[in-house]
Amino acid sequence: MKHFDLSNYGWGLPLKASSYAYKVDGALSILHWAMFIIFFFWAVYMAYCLINYRQSKSPKAEYTGHGTWKTYITDVLIFVFEVWLLAAVGIPIWAHIREDLPKSGEAVEVHVVAQQFNWLFQYPGPDGQFGNRSAQFVHLRNPLGIDPGDVRGNDDIISINKLYLPMGKKALLKLTSMDVIHSFFIPEFRLKQDNVPGMVFPVWVEPILTGTFEIGCAQLCGSGHYRMRGDAYVLSPEDFDQWTQTASAEMQQHLTER
Ligand SMILES: [Cu+2]
């Protein structure tokens with residue numbers, strides 16, 4: 001399997017690999033173009049003032065001012081634009097990403113557990129049910145501490161630093177941490193969310209491209225923060241089903257040695 005693809009990054013923003021990446025980039029583009037236009041006109045206006053009100057032409061400072069309502073036009077335009085950007089563009093996109101969570105049965109569900117300095121992924125396996133986890137069962141061979149007495153966990157898949165997702169299907173990721181605050185970040189998905197110990201944050205993503213995408217930790221979490229990375233492999237739905245079968249079978253074999 002290909003290890004993270006550097007060609008996903010280039011000039012400008014990274015490759016757009018999720019259904020909402022276009023929306024996020026659209027909002028960023030509007031903001032940057034607006035800033036560029038505002039900057040341009042301010043620069044032109046400043047040059048106009050420097051020339052038009054140069055000392056030889058206007059030697060005496062005026063303190064009273066002669067502002068009329070017209071001087072507020074630009075302020076009002078920028079204010080209206082900013083309110084529009086926030087209310088009509090930003091908040092709906094944010095709400096879509098944060099609140100349009102797929103229901104448990106409709107999506108591929110993965111538990112994402114951050115740990116200094118790895119990403120641990122738990123899949124429910126073919127039975128669709130997650131086995132319970134408990135700290136008392138954590139072992140080198142059982143890094144997530146899946147309860148060996150819980151039959152639901154017998155076919156669960158544990159993957160370290162490798163996240164597998166099917167293309168074109170929604171994935172519901174439940175984020176938590178074992179130790180300190182980490183932040184789950186996949187630039188190509190435009191997805192970033194803190195992993196907080198003792199809490200579970202659900203996030204969702206719908207990959208629209210197959211390929212390998214880098215997972216980084218976006219929260220300084222200790223001396224090994226720099227190497228806390230992984231890869232997200234987006235497979236075709238058939239390949240993903242195949243992977244689920246194979247990985248689960250391997251885990252069950254592994255379990256007998258647990
Ligand atoms: Cu981290």
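All values reported here derive from a predicted model rather than from experimental measurement. Atom set for the values below is all heavy atoms of this structure, side chains included, hydrogens, waters and symmetry mates excluded. All ligand and atom numbering here is 1-based and tracks the order in the structure.
Residue Gln116 does not count as close to the Cu ion (ligand 1), with no N, O or S atom under 2.8 Å. Among the atoms of Cys217, an N, O or S atom falls under 2.8 Å of the Cu ion (ligand 1).
Paired with Gln122 under the rule side chain to side chain contact (heavy atoms under 4.5 Å, CB included), one option of Ile146, Ile157, Val112 passes, and it is Ile146.
Distance alone, capped at 3.5 Å, places no donor-acceptor pair between the Ser177 side chain and the His182 backbone.
For the pair SD of Met228 and SG of Cys221, the angle whose vertex sits at the Cu ion (ligand 1) is 110° to 10 degrees.
Aromatic ring pairs are classed by plane angle as parallel below 30°, tilted from 30° to 60° and perpendicular above 60°; the pair Phe81 and Trp84 is tilted.
When the Cu ion (ligand 1) is compared with the N/O/S atoms of His182, atom ND1 turns out nearest.
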Worksheet entry | Pair Asp25-Arg190, salt bridge (charged side-chain N to carboxylate O under 4.0 Å, His left out): steps then yes or no | CA-CA 9 Å; Asp25 288 15; Arg190 307 293 186 272; 2.7 Å; yes
